[in-house]
Asks: 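Below you'll find the structure I mean.
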4 protein chains.
Amino acid sequence: MSGLGDNSVAADQLRLLIERIERLSEERQGISDDIKDVYLEGKATGFDAKTMRKLVALRKIRPDVRMESQMLLETYASAIGLDLV
Amino acid sequence: MSGLGDNSVAADQLRLLIERIERLSEERQGISDDIKDVYLEGKATGFDAKTMRKLVALRKIRPDVRMESQMLLETYASAIGLDLV
Amino acid sequence: MSGLGDNSVAADQLRLLIERIERLSEERQGISDDIKDVYLEGKATGFDAKTMRKLVALRKIRPDVRMESQMLLETYASAIGLDLV
Amino acid sequence: MSGLGDNSVAADQLRLLIERIERLSEERQGISDDIKDVYLEGKATGFDAKTMRKLVALRKIRPDVRMESQMLLETYASAIGLDLV
DNA sequence: TCTGGAGGATTAGCGC
DNA sequence: GCGCTAATCCTCCAGA
């Protein structure tokens, strides 16, 4: 047998791996749901969800890198006459 | 003040929401890393990661729905002469 | 001047590049719309759009590769007792 | 027969639809390749591709909408003490 | 309105 | 190391 017939050791290993992944995926999904709830809570308090997402994304970037990117963008924008304000 | 000046109540609320999201996101990222590790472990044991992913995806679908889709696909494939085997 | 001030040569180059990209993007969007229309047409004729998408995706894969993947999937599915049929 | 057996009218319709989609997809892919080339050309001239992509994305947004979003972002950023500069 | 799915963009992993 | 492909993420839209 090639090692993957039913009940073989390899089959068991595979099943266990798949089940571990599924368990972890469920946990992750639960957290994703929690995150969604926080955004909804923010929205209910009057905050704009999209802007909140931008904030979170920006804070993930190291300040120096973020500012460097921003300056480059402003340089380019100015060059082609795009007003970022 | 419009409610979002520094140190205002709203500003505090916003900061707390953002921080909760960041904490949850970190947790989720940790789990994503764990999942990735399981795939790597499977790969190291000789399993094909892409196929494992397909398995996980298929198992998320209810059997009757999955089979219904599969039958429809086979009907269409046969109609245009595509050999699925 | 650093080479990107307004009206500089570099600024002109940048603007031209951006405009070319925008033109191409519009063309591409037009084609995407056409594709969407064909799916809608198929749907109106009674075909299932999702299954049509699967067909298109499958036909992009070389037959030997596709069958190889399918066989591997079936092997794995059988090993963990997942009924694909 | 349910209308999708080989050589039936429906089967022909399906095949034609699929083929139209494939033709359009090829065209679209060609344009995508062209776009990629323009970015490469820009990169070769010394421009940063990522920033160019940002420019293109920003120009797709109507100025008033873009500025409105930017102002909101700055308000939020200031509230939580994030320095956008 | 809000939920799910499709499209597009970004990013990570892989192979050359 | 870079370019390419594949996967994930996020946004947008259609449908309920």
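Treat the numbers as computed from the prediction; the structure is a model and nothing was measured. Here is how names work: the chains are called A, B, and so on, in the same order as the sequence lines, proteins then strands, and each is numbered from 1.
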Asks: To the nearest Å, give me how far apart NZ (K60(D)) and P (dG8(E)) are.
Replies: 9 Å

Asks: Send over the distance from E26(C) CD to dG8(E) P, rounded to a whole Å.
Replies: 15 Å

Asks: Hey, which of these two, K54(D) or L40(A), hits DNA chain E nearer its 5' end, going by closest nucleotide?
Replies: L40(A)

Asks: So, is R28(C) near the phosphate of dG7(E), with a side-chain N or O under 4.0 Å from OP1 or OP2?
Replies: no

Asks: Tell me, yes or no, whether the heavy-atom count around E41(A) atom CD, taken from other residues, nucleotides or ligands under 6.0 Å, exceeds 12.
Replies: yes

Asks: Expressed in angstrom and rounded to an integer, what is the separation of I31(A) atom CD1 from dT8(F) atom P?
Replies: 17 Å

Asks: Using atom CG of D33(B) as one end and atom P of dA12(E) as the other, report the distance to the nearest whole Å.
Replies: 11 Å

Asks: Would you name the heavy atoms of L73(D) and T51(A) that are closest together and state the gap between them?
Replies: CA-CG2, 3.6 Å

Asks: Can you tell me the distance, in whole Å, between the CD1 atom of I21(D) and the P atom of dG7(E)?
Replies: 10 Å

Asks: Please state whether the phosphate of dG13(E), meaning OP1 or OP2, lies under 4.0 angstrom from any side-chain nitrogen or oxygen of K36(B).
Replies: yes

Asks: How close or far is atom C1' of dC13(F) from atom CD1 of I35(C), stated in whole angstroms?
Replies: 17 Å

Asks: For L24(C) and dA9(E), give me the distance from atom CG to atom P, rounded to whole Å.
Replies: 13 Å

Asks: Is the CE atom of M67(D) crowded by more than 12 outside heavy atoms at less than 6.0 Å?
Replies: yes

Asks: Have a look at K43(B) and say if it touches a base, only the backbone sugar-phosphate, or nothing, with a 4.0 Å heavy-atom cut-off.
Replies: sugar-phosphate

Asks: Checking S78(C) side chain against E74(C) main chain: does a donor-acceptor pair fall under 3.5 Å?
Replies: no

Asks: Given atom CG of L58(D) and atom C1' of dA9(E), what is their separation to the nearest angstrom?
Replies: 14 Å

Asks: S32(C) side chain N/O closer than 4.0 Å to the phosphate oxygens (OP1, OP2) of dG8(E)?
Replies: yes

Asks: Would you mind telling me which residue lines up with the more 5' stretch of DNA chain E, K50(D) or Y39(C), judged by nearest nucleotide?
Replies: Y39(C)

Asks: Can you see if the side chain of R53(D) gets near the phosphate of dG8(E) - specifically, an N or O under 4.0 Å from OP1 or OP2?
Replies: no

Asks: Let's go through E27(B) and R28(A) carefully: what are the C-alpha distance in whole Å and the side-chain angles of both, what is the deciding distance for salt bridge (Lys or Arg N to Asp or Glu O under 4.0 Å) to 0.1 Å, and is it a yes or a no?
Replies: CA-CA 8 Å; E27(B) 276 185 59; R28(A) 183 172 58 178; over 6 Å; no

